[in-house]
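If you're wondering where the values come from, they're calculated on a predicted model, not measured in any experiment. The figures that follow rest on heavy atoms only: side chains count, while hydrogens, waters and symmetry mates do not.
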Amino acid sequence: MNVKRDTNGVTSTSSTEYRNLLVSTDGPASRITLNRPEKRNALSLELMQELIAALELLAGERDVRAIVIEGAGPAFSAGHDLGEMVARDAAFYERLFDVCTVMMETIHRVPQPVIAKVHATATAAGCQLVASCDLAVAAEEARFATPGVKIGLFCSTPMVPLSRAVGRKRALQMLLTGDPIDADTAADWGLVNVVVPAGELDATVAALVAKIAGSSPLTVGIGKEAFYRQVDLDEHGAYELTRRVMTTNAEARDAQEGMSAFLDKRAPEWRGE
């Protein structure tokens, strides 16, 4: 990757690295900006492929403690790019939705928490993207919808993370009516974690990143992976998995350091091992 660093220590990829994204790193957080404002950040096939590549690249960066996904311009994301979906064959649609699925699953696979920073509207696959992120912070103006039913294309893949985030009845209300919900409703239903005034969005996300960065990166990665592995298991299966995870975790250097630091009443020194 071609990387440039400015006088404030912010790094960014060169303009030739991605056509549809802006990627930068500032302190412990890397920021991925969906950068198709003229298309309301529609998730074209190319954009989704680039987002997968960016996530996979950042996954290997030890100094990156959290990844923030945001949108440029008037929307977070309007979902799939309908302009490239008209009059295509089955092979294209299969590829499109395969890549979309990989993108959503990659968010769960990277060890760093992925935070959706939602300043405005997120619809269809854009709403799916928010629901797939580990955490989400929304501005008061943000709106969320899965309106595919209104144009004859039911939001079937968006309903996978949406139904897991908000539950069956609420997901079906959004899916069957296509009506948007406001940010406060999204928070009440569990689609986003917190709603703040637009002017406080950056500071709120930064504070969340700082809290994450205060813990061992190894421990955070172990916990995130275990969460998604156990969440759909039955109770016994979840305990079988997580007790093994905790046994391995307890042996790690960072866990031993953290427990010792707590007992010694001192700050731990994390090494990520």
K224/D134 under side-chain contact (heavy atoms from CB on, under 4.5 Å): CA gap, chis, key distance, verdict: CA-CA 9 Å; K224 176 178 170 176; D134 305 311; 2.7 Å; yes
Test log, rule side-chain contact (heavy atoms from CB on, under 4.5 Å), inputs R244 and T247: CA-CA 5 Å; R244 292 193 299 270; T247 297; 5.6 Å; no
Linked, directly or transitively: [X] and [Y] (ILVMFWY side chains, under 4.5 Å):
{"X": "V64", "Y": "W270", "answer": "no"}
{"X": "I67", "Y": "V23", "answer": "yes"}
{"X": "I212", "Y": "V110", "answer": "no"}
{"X": "M104", "Y": "L135", "answer": "no"}
{"X": "L233", "Y": "M246", "answer": "no"}

May I ask you to say whether [X] pairs ionically with [Y], meaning some side-chain N is under 4.0 Å from a carboxylate O?
{"X": "D81", "Y": "K39", "result": "no"}
{"X": "R19", "Y": "E46", "result": "yes"}
{"X": "D89", "Y": "R95", "result": "no"}
{"X": "E257", "Y": "R266", "result": "yes"}

Got a second to check how far [X]'s [atom1] is from [Y]'s [atom2], nearest 0.5 Å?
{"X": "N20", "Y": "Q49", "atom1": "CG", "atom2": "CD", "value": "10.0 Å"}
{"X": "T242", "Y": "Q230", "atom1": "OG1", "atom2": "CD", "value": "6.5 Å"}
{"X": "L43", "Y": "L129", "atom1": "CG", "atom2": "CG", "value": "6.5 Å"}
{"X": "L47", "Y": "S77", "atom1": "CG", "atom2": "OG", "value": "7.5 Å"}
{"X": "S132", "Y": "L162", "atom1": "OG", "atom2": "CG", "value": "9.5 Å"}
{"X": "F154", "Y": "L176", "atom1": "CZ", "atom2": "CG", "value": "5.0 Å"}

Taking [atom1] in [X] as the centre, count heavy atoms belonging to other residues, nucleotides or ligands within less than 6.0 Å. Is the count above 12?
{"X": "E38", "atom1": "CD", "value": "yes"}
{"X": "D98", "atom1": "CG", "value": "yes"}
{"X": "M259", "atom1": "CE", "value": "yes"}
{"X": "E235", "atom1": "CD", "value": "no"}
{"X": "R243", "atom1": "CZ", "value": "yes"}

Looking only at heavy atoms, which two atoms of [X] and [Y] are closest? And how far apart?
{"X": "P147", "Y": "A124", "result": "CD-N, 3.7 Å"}
{"X": "A122", "Y": "C127", "result": "O-CB, 3.6 Å"}
{"X": "E84", "Y": "R88", "result": "O-NH1, 3.1 Å"}
{"X": "P37", "Y": "G73", "result": "CB-CA, 3.9 Å"}
{"X": "A183", "Y": "V192", "result": "O-CG2, 4.2 Å"}
{"X": "F76", "Y": "G126", "result": "CE2-O, 3.8 Å"}

side-chain contact (heavy atoms from CB on, under 4.5 Å) between T185 and R170, intermediate numbers included: CA-CA 10 Å; T185 302; R170 288 165 172 170; over 6 Å; no
Member of L201, I32, V137 meeting the side chain to side chain contact (heavy atoms under 4.5 Å, CB included) criterion with K117: L201
Member of C100, C155, C133 meeting the side chain to side chain contact (heavy atoms under 4.5 Å, CB included) criterion with Q128: C100
Tell me, do [X] and [Y] make a side-chain contact under 4.5 Å, heavy atoms counted?
{"X": "E70", "Y": "R31", "result": "yes"}
{"X": "L55", "Y": "Q112", "result": "no"}
{"X": "S163", "Y": "R168", "result": "no"}
{"X": "L82", "Y": "I151", "result": "yes"}
{"X": "Q173", "Y": "V166", "result": "no"}

Treating [X] as the side-chain partner and [Y] as the backbone partner, does any N or O pair qualify as donor plus acceptor under 3.5 Å?
{"X": "Q256", "Y": "A250", "result": "yes"}
{"X": "N41", "Y": "A72", "result": "yes"}
{"X": "T146", "Y": "M174", "result": "yes"}
{"X": "E50", "Y": "Y18", "result": "no"}
{"X": "D254", "Y": "R271", "result": "yes"}
{"X": "S216", "Y": "L218", "result": "yes"}
{"X": "R36", "Y": "A42", "result": "yes"}
{"X": "E225", "Y": "I222", "result": "no"}
{"X": "T123", "Y": "A78", "result": "yes"}
{"X": "N193", "Y": "A136", "result": "yes"}

Parallel, tilted or perpendicular, as decided by the 30° and 60° cut-offs, for the rings of H108 and Y228: parallel
Evaluation steps, side-chain contact (heavy atoms from CB on, under 4.5 Å), between D232 and R164: CA-CA 10 Å; D232 290 321; R164 285 158 171 76; 3.8 Å; yes
